[in-house]
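Heads up: the structure comes next, in structure tokens.
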Amino acid sequence: MDVHVRDLRYFVAVAEELSFTRAAAERLSIAQPTLSRQIRQLEASLRTPLFVRDRRAVALTAAGRELLPYARGLIEQWEAAQGAVAGAAAAHGTTLTVGFQTTIGRGLIPGVTAAMERRLPGWRLRFRQIGWADPTAGLAGGEVDVAIAWLPVPGAGLSAQVIATEQRWVALPAGHRLAGRPSVPFAELADEPFVALPASAGPLRAFWLGEDRRTTPATVAATAETADEAFEAVASGLAVVLLSAGNAEIYHRDNVICRPVPDLPPSELAVLWRTPDHRDAVRVFTEACCRCCAAP
């Protein structure tokens with residue numbers, strides 16, 4: 001089985017921190033079980049342990065020490081390759097691919113398209129929807145150049161610019177016991193069955209389950225790869241789901257009732273890009289998104 005650059009990033013983070021907990025939370029922004037699982041898969045691929053683990057400490061094995069400089073070098077080479085490809089695309093191509101996971105709306109597409117045409121004549125935007133299984137909206141795998149996505153986003157090597165802050169709401173089946181309320185405190189929802197993002201979404205899944213305000217784990221009745229799947233689960237009466245205020249309007253359905261959850265911290269919509277990508281097109285796109293969202 002081929003090893004992915006992502007797996008090498010995970011390995012390097014643990015090797016440098018000598019702690020799965022710190023590497024997951026501080027370096028990678030992913031759940032620790034996810035990190036542990038990926039490292040085990042890497043070890044299985046290489047057919048040798050890379051770490052010695054016990055309750056008190058983590059240490060590199062001899063094989064792990066041998067791999068570390070190669071892993072660092074491969075990551076550096078991959079980042080240089082991405083930069084070279086981006087530079088070649090900038091010199092010979094005029095398309096910026098934008099990843100997204102929920103319908104963008106908010107007047108962004110026409111506003112940003114007009115700004116790109118005015119400031120970078122000849123450039124065009126191409127939009128690609130990416131499922132929630134990839135919380136980087138296509139950036140980690142190189143499918144897109146920039147992304148418009150909800151924070152938090154796991155993974156190193158990405159930069160973010162918040163363009164909108166929106167209150168979190170809840171989507172309820174039309175006949176739900178709370179559907180008649182003007183707003184719903186989160187305590188009233190805590191024991192409800194929820195729609196969850198895939199486990200690979202890591203901290204983004206936790207955010208949309210409201211785990212920052214829970215005392216017990218959420219009851220997950222369904223997992224959804226896309227917003228449409230989530231709303232189908234809600235409409236069927238299977239579960240409820242948290243969403244942003246803007247998406248409550250964008251995804252309006254007669255069989256789903258959306259209400260604000262006033263005691264939850266708000267959600268943040270951001271433009272994301274790979275940190276080494278300094279192209280004018282990325283900068284212009286980001287600035288245009290900020291201006292469009294700030295416009296009255």
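Worth saying up front: this structure is predicted, and the values here are computed from it rather than measured.
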message: Quick check: is Trp169 connected to Ile257 through a chain of hydrophobic side chains (ILVMFWY, heavy atoms under 4.5 Å apart)?
response: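 In one cluster: no.
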
Can a donor-acceptor pair be found, under 3.5 Å and without considering hydrogens, that links the side chain of [X] to the backbone of [Y]?
X: Asn255; Y: Ala235; answer: no
X: Thr275; Y: Gly157; answer: yes
X: Arg128; Y: Gly99; answer: no
X: Arg213; Y: Leu264; answer: no
X: Ser200; Y: Ala133; answer: yes
X: Gln129; Y: Gln101; answer: yes
X: Tyr10; Y: Leu42; answer: no

Within the 3.5 Å criterion, strictly below it, is a donor on [X] or [Y] matched to an acceptor on the partner's side chain?
X: Glu192; Y: His176; answer: yes
X: Arg126; Y: Thr97; answer: yes
X: Glu166; Y: Ser267; answer: no
X: Thr136; Y: Asp134; answer: yes

Check this for me: does any side-chain nitrogen of one of [X] and [Y] sit under 4.0 Å from a carboxylate oxygen of the other?
X: Arg283; Y: Glu287; result: yes
X: Glu188; Y: Arg259; result: no
X: Arg37; Y: Asp7; result: no

message: Whether Arg214 engages the ring of Phe207 as a cation-pi pair (distance to the six-membered ring centre under 6.0 angstrom, angle to the ring normal within 45°) should be assessed.
response: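 Ring-cation test returns no.
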
message: Ring of Phe20, cation from Arg53 - is the NZ or CZ under 6.0 Å from the centre and inside 45° of the axis?
response: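 No, Arg53 does not sit over the ring of Phe20.
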
Any side-chain heavy-atom pair from [X] and [Y] closer than 4.5 angstrom?
X: Phe186; Y: Leu189; result: yes
X: Asp145; Y: Arg274; result: yes
X: Ile163; Y: Cys289; result: yes
X: Phe51; Y: Phe11; result: yes
X: Val261; Y: Leu242; result: yes
X: Leu68; Y: Val12; result: yes
X: Val58; Y: Val52; result: no

Residues, nucleotides or ligands: over 12 heavy atoms within 6.0 Å of Glu249 CD: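 Not buried by this count: 12 neighbours or fewer within 6.0 Å.
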
Over 12 foreign heavy atoms within 6.0 Å of CZ, Arg177: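 Counting neighbours around CZ of Arg177, more than 12 heavy atoms of other residues, nucleotides or ligands fall under 6.0 Å, so yes.
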
- prompt: Picking from Thr226, Leu243, Val195, what satisfies side-chain contact (heavy atoms from CB on, under 4.5 Å) with Phe231?
  reply: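 The residue from Thr226, Leu243, Val195 that satisfies side-chain contact (heavy atoms from CB on, under 4.5 Å) with Phe231 turns out to be Leu243.
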
